[in-house]
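Note that the coordinates shown come from a computational prediction; the quantities given were computed from them, not determined experimentally. Residue numbers begin at 1 in each chain, while the letters A, B, ... track the order of the sequences.
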Amino acid sequence: MQDAMIDQVLAEVMKRVGNGAAAAPASSIPADLTQLTEFVGAGMGDTQGIVIANLDPQVHEILGFDPKYRSIGVIGGRTGAGPQLMAADEAIKATNTEIIMIEMPRDTKGGAGHGNLIVFGAEDVSDARRAVEVTLQTLPKYFGDVYGNDQGYTENQYSARASKVLNKAFGVPEGKAFGLILGAPAVIGMLMVDAAVKAADVEVLGCGTPKKNTSFSNEVFIWVTGDSGAVRQAVIAGREVGNKLLSAWGQEPKSAGTPYI
Amino acid sequence: MQDAMIDQVLAEVMKRVGNGAAAAPASSIPADLTQLTEFVGAGMGDTQGIVIANLDPQVHEILGFDPKYRSIGVIGGRTGAGPQLMAADEAIKATNTEIIMIEMPRDTKGGAGHGNLIVFGAEDVSDARRAVEVTLQTLPKYFGDVYGNDQGYTENQYSARASKVLNKAFGVPEGKAFGLILGAPAVIGMLMVDAAVKAADVEVLGCGTPKKNTSFSNEVFIWVTGDSGAVRQAVIAGREVGNKLLSAWGQEPKSAGTPYI
Amino acid sequence: MQDAMIDQVLAEVMKRVGNGAAAAPASSIPADLTQLTEFVGAGMGDTQGIVIANLDPQVHEILGFDPKYRSIGVIGGRTGAGPQLMAADEAIKATNTEIIMIEMPRDTKGGAGHGNLIVFGAEDVSDARRAVEVTLQTLPKYFGDVYGNDQGYTENQYSARASKVLNKAFGVPEGKAFGLILGAPAVIGMLMVDAAVKAADVEVLGCGTPKKNTSFSNEVFIWVTGDSGAVRQAVIAGREVGNKLLSAWGQEPKSAGTPYI
């Protein structure tokens, strides 16, 4: 009985201060928000998607957007960079949009990593809206191989065919396989990337460390390409060893969704 | 009864881990602190103000301060940049001081934004002390149009006449109107800035994004000038739409004080 | 009775969201982790140490490590930079290793400061392992003069003879005395550094502020050298005044271990 209460309080507290991975229940969306035509939806990682049909020319100019993209779709959240990028990469395959901004704040609500800001440019508002919708629909899948506990997390992503978002964010050639092997805190990632490249014949395209290719996040990661089977194998090898190390503090890391790799 | 207990625990927890906007009650200041002549006061946002009558020349040199400012007043806090800058701008109008350092750490205690470090230089210690006192007294006002919930916040600031602090921090000409339209996470800010520039004829002076003019905060914002009525109108338009978007996660954003705009 | 329950919940919550300074009890280390030969141990500040006997050449290359260091030892944690650096400095005195990477993410789990990533290079795996072991064993000592409360902390470090880690991280000549005087939020540090240099005849080697020599942390600090007695005196003077200022928010700062200075 006391325990039940403590659990209840804890759940509430962790929700308020925690990683915010829960999607807003549709029923809780306030009435005046549904009247805001720019709002598209909210999702995991305290992520939200909006669309602006006719972006003001002053905003185009100050943010350096090409004026030909009259409409923009925007994805932004507190927690996660990989999941949102992977989902946006799906969205760009399905729509007539371009990716015109990718920025990664240092965030995760007190966690070790990034939040995200991703902007789609389109000539037609329906394209921009569709890109945001597809991103939000696809987002839960890419939280599936994010495993976390109170000390850190591993993030593992895999795509058989990278599209324009992954190309812009990571320089992976379009149409090639893509794998992300990432651990936080950084010490976890260090073992993961070594295990990954030893496990399969993959090409390392780049790396992130607290000072390199991150916004001072507490992460080490690599992204790789190559034969799609090899890339998948490398990601899995990194994930296995990373989740073991994470458990060293006494708590089993848990998937934030349903693993897909 | 159970609910009351849960609320009580939650209040305590949020106070300890939360945004720390509460001022320290005067009665709780320890005796040996009141004997520390450098301490001036504490305020919202875990902010504190101190004064150093004769700064050591080695500190002048290492921090690059002009030696003619023998005395410095220092404002620093965990949460907030805009409120402290606005309050310091009031203080500099009222005192014979100069602003010699403004730096914005990535902080807010796990939140999406900045903390602050602001240094006044003065030839006379009484001027430095007065600047710190005025800043602390004025600070609560400028938390009034900061609206937050567990996912993010909007920050809205307005001044009919910018002084030296806003000039140094944002490049707004002294004596001109100043407006700040800011949303966190960044996706919120994106809609706010578009709504603001559409609502009134204002001149955009600059912008902040996770990678530009911030310390990797999860924010998008612009600052504007122009006719004071127009500036005020732009700020209000941004605030309205930002607070609606924030509510999408199911929780109404609340003012951290009493709105003044 | 109610109070006891509230305390219990609070303790649990603070453990989950807090500064994570507690070491993992040995009994809680999962069985499959003990089979992972790379894992060495876990400690305060959510720190972990691992060793990689034969680092993959692709990882050497992407991280810019000299291939002659076939083995690496890695220390990484969420909370703390100074304690881990001090402990690693002890370790390098005791082993045949070199320091090949020091990076400081913006972390501390929502706190004001840094996490850490420190890599030892060795030609022999036993040397790398030993360096990690010594670091983890020595680590609790250097949390002893870290004093914190819910608003911030002071970090005070002292070494009579700096070795290669402190040389690489701070540029202090090997064999000379080293002192670190640091306060967070930054306003606390400002008074500490002034008090420190006034208290003893020391040479200031460098400083950190939110924008300088940090990863946007909310800290001000200096590091000093000179006669070892003077260095110690400067550190103590900074610590005294810093801890007084920290108490201004109503809560006495507490040592994270046993003070050693």
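For a residue to count as touching a neighbouring chain, one of its non-hydrogen atoms must lie under 4.5 Å from one of that chain's; by this rule B:V119 touches chain C with the side chain only. Contact annotation for C:V224: neither backbone nor side-chain heavy atoms come within less than 4.5 Å of a heavy atom of chain B. For a residue to count as touching a neighbouring chain, one of its non-hydrogen atoms must lie under 4.5 Å from one of that chain's; by this rule B:I118 does not touch chain C.
Distance alone, capped at 3.5 Å, is enough to place a donor-acceptor pair between the C:D194 side chain and the B:D56 backbone. Between the B:Q58 side chain and the C:E203 main chain, no donor and acceptor come within less than 3.5 Å of each other.
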Decide side chain to side chain contact (heavy atoms under 4.5 Å, CB included) for B:L117 and C:K211; before the verdict, give the C-alpha distance in whole Å, the side-chain angles of both, and the deciding distance to 0.1 Å. CA-CA 10 Å; B:L117 176 64; C:K211 277 196 179 169; over 6 Å; no

Determine whether C:V187 and B:I75 satisfy the following criterion, side chain to side chain contact (heavy atoms under 4.5 Å, CB included), listing intermediate values before the conclusion. CA-CA 6 Å; C:V187 59; B:I75 290 287; over 6 Å; no

Evaluation steps, side chain to side chain contact (heavy atoms under 4.5 Å, CB included), between C:R106 and B:D107: CA-CA 9 Å; C:R106 177 71 184 85; B:D107 204 338; 3.8 Å; yes

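A distance of 6.0 Å separates CG of C:D150 from NZ of B:K109, quoted to the nearest 0.5 Å. In this structure, NZ in C:K244 is found 9.5 Å from CD in B:E38, a value given to the nearest 0.5 Å. Atom NZ of C:K198 is separated from atom CD1 of B:I52 by 6.0 Å, given to the nearest 0.5 angstrom.
In this structure, C:E174 places its CD atom where more than 12 heavy-atom neighbours from other residues, nucleotides or ligands lie under 6.0 Å away. Within 6.0 Å of CG on B:N54 lie more than 12 heavy atoms contributed by other residues, nucleotides or ligands. Within 6.0 Å of the CG atom in C:N213, the count of heavy atoms belonging to other residues, nucleotides or ligands exceeds 12.
Taking every heavy atom of both residues into account, C:A248 and B:Q48 meet most closely at CB-NE2, 3.5 Å. Across all their heavy atoms, B:G43 and C:W249 have their closest contact at O-NE1, 4.4 Å. Between C:G110 and B:R78, the closest heavy-atom pair is O-NH2, 3.3 Å. Shown here for C:S217 and B:P105, the closest heavy-atom pair between the two residues is O-CB, 3.4 Å. The shortest heavy-atom contact between C:C207 and B:L63 is SG-CD2, 4.0 Å.
With a 4.5 Å cut-off on side-chain heavy atoms, C:V193 and B:I62 do not count as touching.
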